[in-house]
Amino acid sequence: MSQLFINAISRYIDVDESNIHTILDIGSRDALSSIDFAKIFPKAQIYAFEANPEAIPACLVNSQNYPNITCVFGALYNQDTIITFHPMDMEKSPHKSIGSSSIFEVDHTAPLPEEWQWVQKEVQVGASKLDTWRKDEGLGPIDLIWMDAQGSEGLILEGAKETLGDVKAVITEAGMIPYYKGQSLLPEINEFMVNHGFCLIEVWPEMSLECTVIYVNKRFLRKPLPSHAIPTFSS
């Protein structure tokens with residue numbers, strides 16, 4: 001899927017080893033997306049963010065042979081604080097989906113698939129704004145963002161307003177119907193991204209509950225997109 005993302009944005013902006021230096025994999029779970037990016041851009045520095053303490057071992061083991069991947073443990077958020085995170089209880093959940101852990105509680109009144117029988121726990125984790133983290137790390141521009149944050153995408157973007165100005169493209173999961181309490185949904189995410197200089201280029205439907213969307217920064221477009229080429233969606 002990482003290569004599909006690169007193929008999609010390459011139709012609109014220049015993407016190669018000469019201009020992709022830093023990539024963020026937010027909500028990494030197992031660092032496998034980071035590994036895909038490391039193979040595509042072996043000279044880039046990739047940061048795999050994971051908030052679930054129980055997913056940390058998989059991130060470390062999977063990425064250990066990739067020196068250009070750095071695992072970052074903690075949540076990205078719209079504040080610098082401590083938050084309550086809700087990992088899936090892998091012992092009590094009939095459907096054992098560690099990647100469905102979230103800042104938010106599952107809304108069991110939502111039309112979840114029958115097999116999504118999830119039980120969550122609570123744990124306290126450190127959280128920071130992406131803008132704060134980048135400054136603390138002394139990093140320059142971030143080129144690409146890959147995000148699968150189980151409903152907290154809007155909060156993460158709010159904490160990245162300064163960083164986003166130099167980001168070339170963003171791919172993110174976006175909710176269509178809320179199944180976490182308080183999660184971000186596609187209309188909210190889209191409004192934020194458009195207001196911060198991005199245009200929506202592709203929507204990949206996954207199921208009735210969510211989709212994957214791709215944005216490119218208008219600053220880096222080879223030429224302006226005609227209005228008929230911009231995807232639309234029902235709010």
Side-chain angles (χ1 to χ4, degrees), residues 1-28 33-34 36-49 68 76 78 129-135 137 139-149 152-176 184-206 210-235:
M1 195 167 177
S2 301
Q3 186 63 63
L4 293 177
F5 169 51
I6 300 304
N7 292 346
I9 64 176
S10 294
R11 293 195 287 270
Y12 304 93
I13 62 177
D14 293 327
V15 182
D16 55 47
E17 288 192 12
S18 69
N19 63 11
I20 301 300
H21 307 293
T22 309
I23 303 170
L24 305 187
D25 173 13
I26 301 173
S28 185
S33 293
S34 292
D36 286 344
F37 282 120
K39 293 176 180 177
I40 300 170
F41 300 106
K43 296 180 181 179
Q45 181 62 49
I46 300 150
Y47 294 90
F49 287 82
N68 57 333
L76 289 175
N78 62 350
K129 298 190 294 185
L130 178 54
D131 288 339
T132 302
W133 174 84
R134 184 173 63 88
K135 289 177 182 177
E137 293 294 316
L139 294 180
I142 306 299
D143 297 302
L144 302 177
I145 293 178
W146 172 284
M147 183 160 54
D148 183 354
S152 62
E153 297 85 8
L155 296 174
I156 293 170
L157 292 169
E158 285 177 19
K161 292 177 181 177
E162 297 175 14
T163 299
L164 284 172
D166 294 315
V167 173
K168 294 179 173 65
V170 176
I171 182 170
T172 180
E173 190 175 84
M176 303 290 287
S184 307
L185 296 177
L186 178 54
E188 170 192 348
I189 293 169
N190 190 69
E191 180 179 10
F192 181 95
M193 294 299 286
V194 170
N195 288 342
H196 286 80
F198 287 78
C199 54
L200 176 65
I201 61 164
E202 292 202 16
V203 179
W204 298 347
E206 295 181 20
E210 61 192 20
C211 62
T212 294
V213 287
I214 302 178
Y215 293 90
V216 294
N217 191 326
K218 292 180 181 179
R219 286 182 51 207
F220 299 99
L221 286 172
R222 294 192 193 96
K223 58 183 179 180
L225 289 178
S227 58
H228 66 78
I230 301 175
T232 59
F233 60 89
S234 299
S235 60

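The figures that follow rest on heavy atoms only: side chains count, while hydrogens, waters and symmetry mates do not. Source: prediction; values computed, not measured.
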> What closest approach, in Å, do G165 and N217 show between heavy atoms, and which atom pair accounts for it?
Replying inline: O-ND2, 3.2 Å
> Between E210 and M176, is there a donor-acceptor pair closer than 3.5 Å when you use the side chain of the first and the backbone of the second?
Replying inline: no
> Can any side-chain N or O of N190 pair as donor or acceptor with the backbone N or O of L200 at less than 3.5 Å?
Replying inline: no
> Residues two or more places apart in sequence or in another chain: which of them pass ring pair (Phe, Tyr, Trp, His ring centres under 6.0 Å) with F192?
Replying inline: H196
> Under 4.0 Å between a Lys/Arg side-chain N and an Asp/Glu carboxylate O for R222 and D14?
Replying inline: yes
> If only atom types and distance count, is the side chain of D25 paired as donor or acceptor with the main-chain N or O of S34 below 3.5 Å?
Replying inline: yes
>> Do H21 and P141 have side chains that approach each other closer than 4.5 Å (heavy atoms only, starting at C-beta)?
In response: no
> Are the side chain of N78 and the backbone N or O of E158 linked by a donor-acceptor pair below 3.5 Å?
Replying inline: no
>> To the nearest 0.5 Å, what is the distance between CG on N19 and CG on D143?
In response: 7.0 Å
>> Please give me the minimum heavy-atom distance between S2 and S33, naming the atom from each residue.
In response: OG-O, 3.7 Å
> Which value, rounded to the nearest 0.5 Å, describes the distance between I46 atom CD1 and K39 atom NZ?
Replying inline: 11.5 Å
> Once you round to the nearest 0.5 Å, how far does CD1 of I40 lie from CD1 of I23?
Replying inline: 7.5 Å
> What heavy-atom pair brings E17 and P42 nearest, and what distance separates the two atoms?
Replying inline: OE2-CD, 3.3 Å
> Do you know which two heavy atoms are closest between G159 and K129, and how far apart they sit?
Replying inline: O-CB, 3.4 Å
> Hey, which of I9, I20, V216 is the one that makes side chain to side chain contact (heavy atoms under 4.5 Å, CB included) with K168?
Replying inline: I20
>> Do V167 and F198 make a side-chain contact, defined as non-hydrogen atoms from C-beta onward lying under 4.5 Å apart?
In response: yes
>> Checking the side chain of D36 only, and the main-chain atoms of Q3 only, is there a donor and an acceptor separated by less than 3.5 Å?
In response: no
> With a 4.5 Å heavy-atom cut-off, do M1 and T212 have their side chains touching?
Replying inline: yes
> Just wondering, are more than 12 heavy atoms of other shown residues or ligands nearer than 6.0 Å to CD in E191?
Replying inline: no
>> Once rounded to the nearest 0.5 Å, what's the spacing between atom CH2 of W204 and atom CZ of F5?
In response: 8.0 Å
> Are F41 and L144 side-chain neighbours, meaning at least one heavy-atom pair lies under 4.5 Å?
Replying inline: yes
>> Let me confirm one number: the CG-OG1 distance from L130 to T163, rounded to the nearest 0.5 Å.
In response: 4.0 Å
> Side chain of N68, backbone of K43: donor and acceptor closer than 3.5 Å?
Replying inline: no
> So, the side chain of S184 versus the backbone of G154: is there a donor-acceptor pair under 3.5 Å, distance only?
Replying inline: yes
> Given side chains that start at C-beta, do those of M147 and L157 come closer than 4.5 Å, heavy atoms only?
Replying inline: yes
>> Quick check against the 3.5 Å criterion: does D166 have a side-chain atom that pairs as donor or acceptor with the backbone of I142?
In response: no
> Just by modelled atom types, is the E173 backbone N or O under 3.5 Å from a matching donor or acceptor in the D148 side chain?
Replying inline: no
>> Working to the nearest 0.5 angstrom, can you tell me the gap between L24 CG and L139 CG?
In response: 8.5 Å
> Any side-chain heavy-atom pair from Y12 and I214 closer than 4.5 angstrom?
Replying inline: no
